2 protein chains.
Amino acid sequence: MLPELKLQPLRCVLAIIDQGGFHAAAKHLHRSQPAISMAVGELESRLGQALFEKGSGKARLTPFGQWCEPRFRELVAHHDRLSRDALAMASHQVGRVDIAAVPSVASRLMPDILASFVVDYPGIEINLHDGNSELVRSMVLKAEVDLGITSLWQAEEGLDFTPLLQDAVGVVCRDDHPLADCDPLHWRELSGHTLIRNGTSRLLEGSPAAGLLTHSTLYVSNMISLTAMLEAGIGITTLPRLAFQEERRRLRFIALAEPLLERRIGLLSRTGVSLSPAAQAMRQHVMARLDHSRSR
Amino acid sequence: MLPELKLQPLRCVLAIIDQGGFHAAAKHLHRSQPAISMAVGELESRLGQALFEKGSGKARLTPFGQWCEPRFRELVAHHDRLSRDALAMASHQVGRVDIAAVPSVASRLMPDILASFVVDYPGIEINLHDGNSELVRSMVLKAEVDLGITSLWQAEEGLDFTPLLQDAVGVVCRDDHPLADCDPLHWRELSGHTLIRNGTSRLLEGSPAAGLLTHSTLYVSNMISLTAMLEAGIGITTLPRLAFQEERRRLRFIALAEPLLERRIGLLSRTGVSLSPAAQAMRQHVMARLDHSRSR
DNA sequence: GAAGCAAGGTAAGATTTCCTGATCGTTTTA
DNA sequence: TAAAACGATCAGGAAATCTTACCTTGCTTC
């Protein structure tokens, strides 16, 4: 019913108009002149009306051609805009990526990573959320974010986990604490000290040190509160190294040698759906940066 | 640089989405399933990103595909709209035609002609101007109208004249005038009577009756004024039959037998530029109608 | 759990589309 | 009046595109 107006003949018509003739249009489009002639002829027969005046030496539009010209121009422009946008989207020049990361990663690793990312991909909009690993997991699962950076307790249906780095658990205490100079540290040396649990304490579960948790009566989830309590000398806590704020002068981080507890931090994404081009770029960038930083 | 997004593959993508699978889309588009597969594959490689998830049994969009879908739909819709509009324009279903006609034609012939035209072409907008033959000529020449219906004194560069009908000049007088019952009439019988000239009087120029004009001291261009003066018995005038308002009971039209003066009324259009589709339809319609009315 | 079915992908051949090079008629230019 | 430029036409060939036939995979069914 409707004739299919291919874009190439429309471009021919516009080129003839703009360049002022069939020959000029042919040169401009890198085609031979007969190709232009035939494309226009085909289009005209499809529409049932001539676009250019016949018989006269020069190429001049018919009234119908004049009516068509701006509309052809519009359609071609629309196509070109879409083509450009789609290509930009596909080639990671524009787009949007939503990431969720646990606070330690968000504050310690992401600044550098994102700083270099925005240099490489200045057109991509980035949204960074932070929350505990459970929140990150659920945001990825519900597709609220494209990527998560977190530790995963166990493999799960629908989630793909790519390990990035190992983060060793250690003890944090004030610099005047009796433990402050014991390095390396065995878990048994902790017994008898006041242990403040926090969101990462479940890393101890299943290890020989798990028993320490049962004797702890303090639980603080907020990192700022926790730091303040440690600085006040109220007790000690366990933290992965990445979660320890090194700029706290009065606090010490002492690696736990026995047992050696590590959380595996990695990239979390949904299986099944592939990533948006922007998210692909981000994923690749994160992996490259962390591989790079690990190797040096 | 920019990839050429052909419309057919875009239609394939939309059909797959709408029909829920490659096979269904193939049936819907009357193609074989591999054709769909290959078209999509071609498009994906052109964009550098997959539109559909690979490996899974069903056809599901990637995030990039979801981004593309509404845009593809828009572009295809834009194309279809243009295709439909252009076809409607080309096939005289819509459009606009501007006509100028001399008053006699505009009031005596055009009503019937336009009445049947709007039945055949309900979508075409018509603009009818009227004015004396000089104005009609100039409007056509300046492309202010597509067509003119008038008498033309002489052929002119840039104007194409197609005769439609002959309009005999006669004398108009009140029914109690001495000439009222003289039929046929010779121009010499007019001498001695008060002659009121009007816009059509120049038809007498170059004829044996031209001398009458020099003895006339009255000129009235407005037809209503002229009619009133004739009905008041002030004098007589000459008019083409078409310009004579037959519904004036007190006025008579007497054909001039010697000399037989006729104006040729015809279609005026510009040479060089072809007519808009709507004007083509109008031109054809006018010619058909007047041929028809002349033959009966 | 093997058979059957339906999904999409792949390969080879045929068809259509599209482009090129040569040539012609007409119009404009020198 | 000759020369040049423009657009149309034709035959041949290259490229895209479609079809038929067959394969692989995943799910259903008995």
Side-chain angles (χ1 to χ4, degrees), chain A residues 3-47 49-62 64-65 76 79 83 157-158 271-274, chain B residues 2-47 49-62 64-65 76 79 157-158 271-274:
Chain A
E4 184 84 5
L5 307 179
K6 307 226 185 86
L7 291 167
Q8 202 114 339
L10 301 194
R11 280 189 209 283
C12 287
V13 171
L14 298 179
I16 294 169
I17 297 169
D18 294 338
Q19 308 296 321
F22 284 57
H23 278 91
K27 194 165 62 181
H28 187 251
L29 296 175
H30 307 105
R31 298 269 148 67
S32 65
Q33 172 264 320
I36 309 294
S37 245
M38 292 164 78
V40 172
E42 228 286 309
L43 180 58
E44 288 178 336
S45 83
R46 218 172 265 229
L47 292 172
Q49 282 281 330
L51 294 165
F52 292 94
E53 302 285 358
K54 304 295 171 191
S56 97
K58 295 285 176 195
R60 287 180 306 107
L61 284 171
T62 60
F64 180 62
V76 169
H79 164 274
S83 175
E157 178 69 20
T271 57
V273 282
S274 42
Chain B
L2 283 182
E4 184 84 6
L5 308 179
K6 305 222 187 91
L7 291 168
Q8 202 113 327
L10 302 194
R11 281 188 208 281
C12 287
V13 171
L14 298 180
I16 294 168
I17 297 168
D18 294 337
Q19 308 296 320
F22 284 56
H23 279 90
K27 193 164 61 179
H28 186 251
L29 296 175
H30 307 105
R31 297 268 145 67
S32 66
Q33 173 265 317
I36 309 295
S37 246
M38 293 163 75
V40 172
E42 229 286 310
L43 180 59
E44 287 178 336
S45 83
R46 218 172 264 229
L47 291 173
Q49 281 282 330
L51 294 166
F52 292 94
E53 301 287 358
K54 304 295 170 192
S56 96
K58 294 288 174 191
R60 285 180 307 107
L61 284 171
T62 60
F64 179 62
V76 169
H79 164 275
E157 178 69 18
T271 57
V273 283
S274 43

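Hydrogens, waters and symmetry mates play no part in the numbers below; they use all other heavy atoms, side chains included. Naming convention: chains lettered A, B, ... in sequence-line order (proteins, then strands); numbering from 1 in each chain. Nothing here was measured: the structure is a model prediction, and the numbers come from that model.
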**Prompt:** So, B:E44 and B:K54, do they make that salt bridge, N to O below 4.0 Å?
**Reply:** yes
**Request:** May I have the distance from B:K27 (atom NZ) to C:dA6 (atom P), rounded to whole angstrom?
**Result:** 12 Å
**Message:** Please report the distance, rounded to the nearest Å, between CG in B:L29 and C1' in D:dT17.
**Reply:** 14 Å
**Item:** hbond_proxy B:Q33 side chain to C:dA7 base (donor-acceptor, 3.5 Å cutoff)
**Value:** no
**Request:** Tell me which residues in residues 6-23 of chain B put a heavy atom below 4.0 Å from DNA chain D, sorted by number, or none.
**Result:** B:K6, B:Q8
**Message:** Distance check, rounded to the nearest 0.5 Å: A:S45 atom OG versus A:M38 atom CE?
**Reply:** 11.5 Å
**Item:** Residue-level proximity of residues 37-44 of chain A to DNA chain C when a heavy atom falls under 4.0 Å
**Value:** A:M38
**Fill in**
Rounded to whole Å, NE2 of A:H30 lies from C1' of C:dC18 at a distance of 18 Å
**Prompt:** In Å, rounded to the nearest 0.5 Å, how long is the span from CG of B:L7 to SG of B:C12?
**Reply:** 11.0 Å
**Prompt:** Once you round it to whole Å, what is the distance between P of C:dT20 and CZ of A:R31?
**Reply:** 6 Å
**Message:** With a 4.0 Å cutoff (strictly under), does any side-chain N or O of A:K54 reach OP1 or OP2 of D:dG7?
**Reply:** no
**A:K6 side, atom NZ; B:K6 side, atom NZ - distance, nearest 0.5 Å** = 8.5 Å
**Prompt:** Distance from B:L51 atom CG to B:L61 atom CG, nearest 0.5 Å?
**Reply:** 7.5 Å
**Request:** State, without any angle test, whether A:T62 and A:Q49 hold a side-chain donor-acceptor pair at a distance under 3.5 Å.
**Result:** no
**Fill in**
Among D:dC10, C:dC19, D:dT20, the one nearest any side-chain atom of A:P34 is D:dC10
**Complete:** Whole-Å distance, A:E53 CD to C:dT26 C1', equals 16 Å
**Message:** Measuring from atom CG of A:L43 to atom CZ of A:F52, what distance do you get when rounded to the nearest 0.5 angstrom?
**Reply:** 9.0 Å
**Spacing of NE2 belonging to B:H23 relative to OG belonging to B:S37, to within rounding of 0.5 Å** = 8.5 Å
**Between B:R11 and B:H28: side-chain donor-acceptor atoms closer than 3.5 Å** = no
